[in-house]
Amino acid sequence: VGRIKTAPACSHVPELPEVETCRRALAPRLAGRTLTDAVTPWPRAAATPLVVTGRCIVRLDRRGKFLLLRLDRGWLVIHLRMTGRLVVVRELPPRTTAAFQLDGDEWFCLVDVRKFGRAWQVARASEVVGHLGPEPLSRHFTAARFSAMLAPRRARLKPLLLNQRFLAGLGNIYVDESLHAARIHPLRTANTLSTGEVRRLHRYIRTILRAAITEGGTTIQNFAGPDGKPGRFRSRLQVFRRSGEACGGCGTIIERSVVAQRGTHFCPHCQRL
Ligand SMILES: [Zn+2]
């Protein structure tokens, strides 16, 4: 039996930093490889027919929470949703929902306990990711642009920042952390932020995403998988899943409430409504 090698597995509930961590780990394993087959043990994992035989992987990109594989013709787009993770292995692991065979007898697998992860093969990536809002780490996402995006919006900040059409890549963890760092309540109405608050929120969204990428993302639940390295950003979370603990800024007990069906963690002293 040959040694089973995997790329570092992705954490659960992947957001931008976790998908970027995945992209960086997988790129050296996948770029330049030729795809020889595709199988879908869970057929619904294929959002389009996957006809990849003979296609070469040119490079790996990311847009929001989507992983993009640039092929010599067209694109493979993958979204991990809740519990998907990506591994490069010699044999398909249990709970593989879709797998791409590589030259050299390895498989690039989507392993997914809850089976919500999806793969698309499209001529243009925009067919899948064209609806997304700006990329928060792009140099085009300036404080001035963020201000112009917020100005016409009467939504509460928490659901607005989770809306991928508004801004790509943020999920529950990084929205809660960014709002806490910026000292802004999650239920504030978007168009009521002062210029200073917009600049703070813009700065912390970017700072926190960059720090999380540096730490390999955040792992909330442990995941199984040989060589699966947990993300290290969890130890740096200030409010997410820390309700009942003291705020690092002021010592007030962190609260949790439910906003738009999502658990929302905040400091009632630092983040006034
Ligand atoms: Zn506080």
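Atoms within a ligand are numbered from 1 in the order they appear, just like the ligands themselves.
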- Message: Whether Arg63 and Asp61 form a salt bridge (side-chain N of Lys/Arg under 4.0 Å from carboxylate O of Asp/Glu) is what I want to check.
- Response: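 The answer is no: the pair does not qualify as a salt bridge.
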- Item | Phe66 and Trp120 aromatic ring geometry - parallel, tilted or perpendicular at 30°/60° bounds |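 Judged by the thresholds at 30° and 60°, the geometry between Trp120 and Phe66 is tilted.
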- Does any N, O or S atom in His269 come within less than 2.8 Å of the Zn ion (ligand 1)? no
- Query: Strictly under 2.8 Å, is any N, O or S atom of Cys247 next to the Zn ion (ligand 1)?
  - Reply: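 Yes - counting backbone and side chain alike, Cys247 has an N, O or S atom under 2.8 Å.
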- Task: Examine Tyr204 together with His180 and report whether their ring centres are nearer than 6.0 Å.
- Result: no
- Kindly write out the residues that satisfy side-chain hydrogen bond (donor to acceptor under 3.5 Å, both in side chains) with Ser257, not counting sequence neighbours, or none if the list is empty. none
- Message: For the metal site, I want the angle between atom SG of Cys270 and atom SG of Cys250 with the Zn ion (ligand 1) at the apex, to 10°.
- Response: 110°
